[in-house]
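Whatever order the structure lists them in is the order used to number ligands and atoms, beginning at 1.
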Amino acid sequence: MTFDRSIKIAPSILAADFANFGAECRAIEAEGADWVHVDVMDGHFVPNITFGPATCAAIRPHIKGIMDVHLMISPVDAYIEAFAKAGSDIITAHVEAGPHIHRTLQAIRGAGAKAGVAINPGTPASAVADLMDAVDLICVMTVNPGFGGQKFLDLSAKIRTLRMMIGDRPIHIEIDGGIDPSTAPIVAAAGADVLVAGSAVFRGGSVSNPGPYGVNIRAIRAAAQ
Ligand code: DX5
Ligand code: ZN
């Protein structure tokens, strides 16, 4: 099967109702989400705390498609097994989270998940140059990680550089932070294929009124295409 570089929308449940994750995951998938993006924060690597592997395991049965777990934690390695056992399809670790990102990526694949590497806005594309054979996804942060609803940073030049570095390799470029219908076309044109969106997907809707989720997802996808 050829590698799927078409646009995929990955709503971040950071913007969902935390008391209702199961229903929120079912709602966004029913409304057209391609992947479900799960933001794990430790209050150490980033200045916010969300949840850990137990919550990932609890929401897993409510997700039919890809559970895309973004670890904003340091250290990472001791927790990989737990996030893999929780049913993560993709586990993404930050290159800034420790001195041994290559070992971390090997451990993720060794645990049976796809391996992603994320880079903060201040980290250059060159930081992942020697990881191309160790990753399935590169996540370019277009905000400083920690919170939803922040202003998009236009890092198109970095995205374009990564797209060239990837060449024909089966590696996704995911963009995380400030994606909405006005910013999606910028990153898609630069070469991104996975668009994470929190506030721009969940705004205006709820589990009892999920229609706006679909409207929002379709607006982002249409803008990107
Ligand atoms: C930021 C998280 C993002 C965030 C995106 O640290 O990694 O996934 O939820 O939220 P929006 O789309 O609101 O910028
Ligand atoms: Zn994220």
* **Check: F21 ring centre within less than 6.0 Å of H62 ring centre** => no

* Distance-only side-chain donor-acceptor flag, D39 / T50, under 3.5 Å -> no

* Just by distance, with hydrogens left out, do T123 and N120 show a side-chain donor and acceptor under 3.5 Å apart? -> no

* Any N or O of P145 closer than 3.5 Å to N or O of ligand 1 -> no

* Asked: Taking the side chain as C-beta and beyond, is there a heavy-atom pair between V196 and E174 under 4.5 Å?
  -> yes

* Near G149, which atoms of ligand 1 are under 4.0 Å from a heavy atom of that residue? -> 11 (P), 13 (O), 14 (O)

* Below 2.8 Å of the Zn ion (ligand 2), tally up the protein N/O/S atoms for me. => 4

* To do: Find all atoms of ligand 1 within a distance of less than 4.0 Å from any non-hydrogen atom belonging to G177, and give their numbers and elements.
  => 14 (O)

* Asked: Going by heavy atoms in the side chains, are I119 and M141 under 4.5 Å from each other?
  -> no

* To do: Assign the ring pair Y213 / F202 to parallel, tilted or perpendicular, where the plane angle (0 to 90°) is split at 30° and 60°.
  => perpendicular

* Sub-4.0 Å atoms of ligand 1 with respect to non-hydrogen atoms of M72 -> 6 (O), 7 (O)

* Identified salt bridge (charged side-chain N to carboxylate O under 4.0 Å, His left out) partner of D34 from the options K64, R221, K8 -> R221

* Asked: Quick one: which ligand 1 atoms are inside 4.0 Å of a heavy atom on G148?
  -> 10 (O), 13 (O)

* Enumerated ligand 1 atoms positioned under 4.0 Å from heavy atoms of H37 -> 8 (O)

* May I ask you to decide if the ring planes of H172 and W35 are parallel, tilted or perpendicular, using 30° and 60° as cut-offs? => perpendicular

* Asked: Nearest protein heavy-atom contact for atom 1 (C) of ligand 1: which residue, which atom, what distance?
  -> F147 O, 3.6 Å

* Asked: Side chains of D136 and R109: does their closest heavy-atom pair fall under 4.5 Å?
  -> yes

* **ligand 1 contacted by F152 (non-hydrogen, < 4.0 Å)** => no

* Asked: Which residue supplies the protein heavy atom nearest to atom 14 (O) of ligand 1, what is that atom called, and how far is it?
  -> G178 N, 2.8 Å

* When you look at I138 and M132, which way does the side chain to side chain contact (heavy atoms under 4.5 Å, CB included) test go after all the steps? -> CA-CA 9 Å; I138 299 171; M132 289 295 161; 3.8 Å; yes

* **Test item: side-chain donor near acceptor, H70 and D68, under 3.5 Å** => no

* Ligand-residue contact atoms, ligand 1 with H70, heavy atoms, under 4.0 Å -> 7 (O)

* Asked: Is R60 salt-bridged to D89, cutoff N-O under 4.0 Å?
  -> yes

* **atom 13 (O) of ligand 1 - nearest protein heavy atom and its distance** => S199 OG, 2.4 Å

* **Top protein contact for atom 3 (C) of ligand 1, by heavy-atom distance** => D176 OD1, 2.8 Å

* Does A15 have a heavy atom less than 4.0 Å from any atom of ligand 1? -> no

* Have a look at ligand 1 and work out which part of S12, if any, has a heavy atom under 4.0 Å from it: side chain, backbone, both or neither. => side chain

